2 protein chains.
Amino acid sequence: MEPNPVLPSLGQEPELLKTVLNKEGFRFTSQRQKILDLFQSSALGHHLSAEEIQRQLLDQGEKISFSTIYRALHVMVRLDLLQELELAEGRKYYELNTPCMDQHHHLVCVHCGAVQEFDEATMTQVGQSESTARGFSLLNCTFTVYGICPSCQSLLS
Amino acid sequence: MEPNPVLPSLGQEPELLKTVLNKEGFRFTSQRQKILDLFQSSALGHHLSAEEIQRQLLDQGEKISFSTIYRALHVMVRLDLLQELELAEGRKYYELNTPCMDQHHHLVCVHCGAVQEFDEATMTQVGQSESTARGFSLLNCTFTVYGICPSCQSLLS
DNA sequence: GCTTTATTGAAAATCATTTTCGCTATTCAT
DNA sequence: ATGAATAGCGAAAATGATTTTCAATAAAGC
Ligand SMILES: [Mn+2]
Ligand SMILES: [Mn+2]
Ligand SMILES: [Zn+2]
Ligand SMILES: [Zn+2]
């Protein structure tokens with residue numbers, strides 16, 4: 001559960017989140033700051049769903065409604081602070097956004113839901129070349145590998 | 001709208017779908033055959049949602065309920081006849097399954113929803129090596145590139 | 001400070017998908 | 001073929017994550 005030391009500390013200081021929000025006509029609120037803080041303080045490589053965000057904030061004494069959580073997530077995705085992921089069925093996950101060049105990808109255990117991250121420069125290149133080859137302007141690309149993790153393999157065998 | 005000439009003609013003859021179903025304890029029904037037929041007769045590279053399946057069947061005079069469509073889709077995914085895709089928000093798409101080695105990937109226009117397919121052997125290799133390196137048993141991997149297609153670019157500029 | 005209006009929380013709405021249940025149709029043994 | 005056992009069907013209700021509504025609140029900017 002260490003704070004992420006690698007990423008630029010956007011929102012680490014309240015100043016910055018407010019600046020980014022106001023630049024686009026959004027308002028700074030304590031709820032949005034708390035949600036961003038949660039991402040900044042959660043373990044590197046951890047992905048949060050709306051439900052987990054609400055539970056964790058509640059654990060630290062902050063009661064925030066789902067409407068507010070979902071609205072905050074959408075705003076932060078639009079501002080490129082967060083990235084939305086479709087790792088598992090039924091719900092979306094969010095993580096701090098990493099600059100396009102350092103994009104990472106995911107290996108998901110379909111049995112227990114464990115997620116591992118990996119970098120692969122090749123991916124971004126392929127995504128880039130495929131999209132330009134067809135005249136698309138690239139927004140982002142996701143590479144997700146589904147399998148069964150070692151511990152689930154031993155449980156199932 | 002040509003029938004797909006490349007894939008093995010599973011279900012092209014009623015015999016085969018029945019065989020595959022019965023082998024796993026499922027029953028052959030006319031609804032399941034009609035749904036599979038729809039995939040076989042739709043254009044290569046076309047992806048169908050449950051709603052589109054119902055509409056297209058209705059257009060050809062076959063009324064099938066959503067419960068039946070969803071159940072048939074799940075069965076056929078379990079039997080490896082179909083593959084489930086998460087191309088766009090909010091709904092799932094299905095397509096005839098291609099053998100693992102010939103897996104293809106998708107380029108999606110986030111504005112109009114247009115989908116293009118591309119092959120990229122590299123992907124499967126990376127998925128394979130990443131999963132074995134971490135002790136995962138690989139099930140499948142998806143590479144999806146999001147962008148804006150040429151015609152939407154000109155509309156928006 | 002004061003005005004404007006974006007944001008909030010609670011509750012209701014949405015909407016793709018799943019489940020329930022009584023009836024029908026397929027399978028398989030006779 | 002015939003019949004028993006039961007998987008699958010359709011209609012309608014339920015589910016569950018996400019979105020919207022709306023009255024009250026609180027940022028932003030002058
Ligand atoms: Mn990640
Ligand atoms: Mn495809
Ligand atoms: Zn696992
Ligand atoms: Zn487009």
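Just so you know, these numbers use all the heavy atoms, side chains as well, and skip hydrogens, waters and symmetry mates. No experiment lies behind these values; they were computed from the predicted model shown. Within every chain, numbering begins at 1; the chains are lettered A, B, ... in the order of the sequence lines, protein sequences first and strands thereafter.
Atom CD1 of B:I53 and atom P of C:dA16 are 14 Å apart (whole Å). When the P atom of C:dT8 is taken as reference, atom CD of A:Q54 falls 14 Å away, rounded to whole Å. If you take CG of B:L17 and P of D:dG8, they are 12 Å apart, rounded to a whole angstrom. Atom-to-atom, CZ of B:R91 to C1' of D:dG16 comes out at 17 Å; the value is rounded to the nearest Å. Atom C1' of nucleotide D:dG8 and atom CD1 of B:I69 are separated by 14 Å, given to the nearest angstrom. Atom P of nucleotide D:dG8 and atom CD1 of B:I64 are separated by 15 Å, given to the nearest angstrom. Here the P atom of nucleotide D:dG8 and the CG atom of B:L73 are 14 Å apart, to the nearest Å. Regarding A:Q33, its CD atom lies at a distance of 17 Å from the C1' atom of D:dA26, rounded to whole Å.
Heavy-atom distances to DNA chain D give each of B:A72 and A:E51 a nearest nucleotide, and the one nearer the 5′ end belongs to B:A72. With the nearest nucleotide of DNA chain C identified for both B:Y94 and A:R32, A:R32 has the one nearer the 5' end.
Applying the side-chain contact (heavy atoms from CB on, under 4.5 Å) criterion to A:L155, with sequence neighbours excluded, gives no partner residue. Shown here are the salt bridge (charged side-chain N to carboxylate O under 4.0 Å, His left out) partners of A:E89, two or more places apart in sequence or in another chain: B:K92. With sequence neighbours left out, the salt bridge (charged side-chain N to carboxylate O under 4.0 Å, His left out) criterion links B:E120 to no other residue. Checked against ring pair (Phe, Tyr, Trp, His ring centres under 6.0 Å), B:H106 has the following partners two or more places apart in sequence or in another chain: B:H47, B:H104. Taking A:H111 as the reference, A:C109, A:C152, A:L156 meet the side-chain contact (heavy atoms from CB on, under 4.5 Å) condition, with sequence neighbours excluded. Under the side-chain contact (heavy atoms from CB on, under 4.5 Å) criterion, B:S49 pairs with B:E51, B:E52, B:R91, B:Y93, not counting sequence neighbours.
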Whether each nucleotide of nucleotides 19-30 of chain C has a protein heavy atom under 4.0 Å at its base (B), only at its sugar-phosphate (S) or at neither (-) is summarised, 5' to 3', as BB----BBS---

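Residue contacts for A:Q31: at a heavy-atom cut-off of 4.0 Å it reaches the sugar-phosphate backbone alone, with no base atom in range.
A heavy-atom distance below 4.0 Å to DNA chain C is reached by none of the residues of residues 107-115 of chain B.
One finds a side-chain N or O of B:H74 lying less than 4.0 angstrom from the OP1 or OP2 phosphate oxygen of C:dT18. Considering only side-chain N and O atoms, A:K92 lies nowhere under 4.0 angstrom from the phosphate OP1 or OP2 of D:dG16. Using a 4.0 Å cut-off, some side-chain N or O of A:Y70 falls inside it from OP1 or OP2 of D:dT18.
For residues 148-157 of chain B, no residue pair satisfies the salt bridge (charged side-chain N to carboxylate O under 4.0 Å, His left out) rule, not counting sequence neighbours. The side chain to side chain donor-acceptor pair (under 3.5 Å) pairs that include a residue from residues 54-66 of chain B are B:K34-B:E62, B:S65-B:S67, B:S65-B:T68, where partners are two or more places apart or lie in different chains.
A donor-acceptor pair under 3.5 Å is formed between the side chain of B:Q153 and the backbone N or O of B:I148.
Between A:F118 and A:H105, the ring planes are tilted. Angles from 30° to 60° get that label.
The shortest non-hydrogen separation linking A:T98 to A:Q103 is OG1-CA, 4.1 Å.
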Extract all donor-acceptor atom pairs below 3.5 Å that involve side chains of residues 131-138 of chain B and protein atoms in other chains or at least two apart in sequence.
| residue | atom | partner | partner atom | Å |
| --- | --- | --- | --- | --- |
| B:S131 | OG | B:G127 | O | 2.8 |
| B:S131 | OG | B:Q128 | O | 3.0 |
| B:T132 | OG1 | B:Q128 | O | 3.1 |
| B:T132 | OG1 | B:S129 | O | 3.2 |
| B:R134 | NE | B:E130 | OE1 | 3.1 |
| B:R134 | NH1 | A:Q116 | OE1 | 3.0 |
| B:R134 | NH2 | B:E130 | OE1 | 3.2 |

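Using five terminal pairs a side, the axes of the helix from C:dG1-D:dC30 to C:dT30-D:dA1 at its two ends make an angle of 50°, given in steps of 10 degrees.
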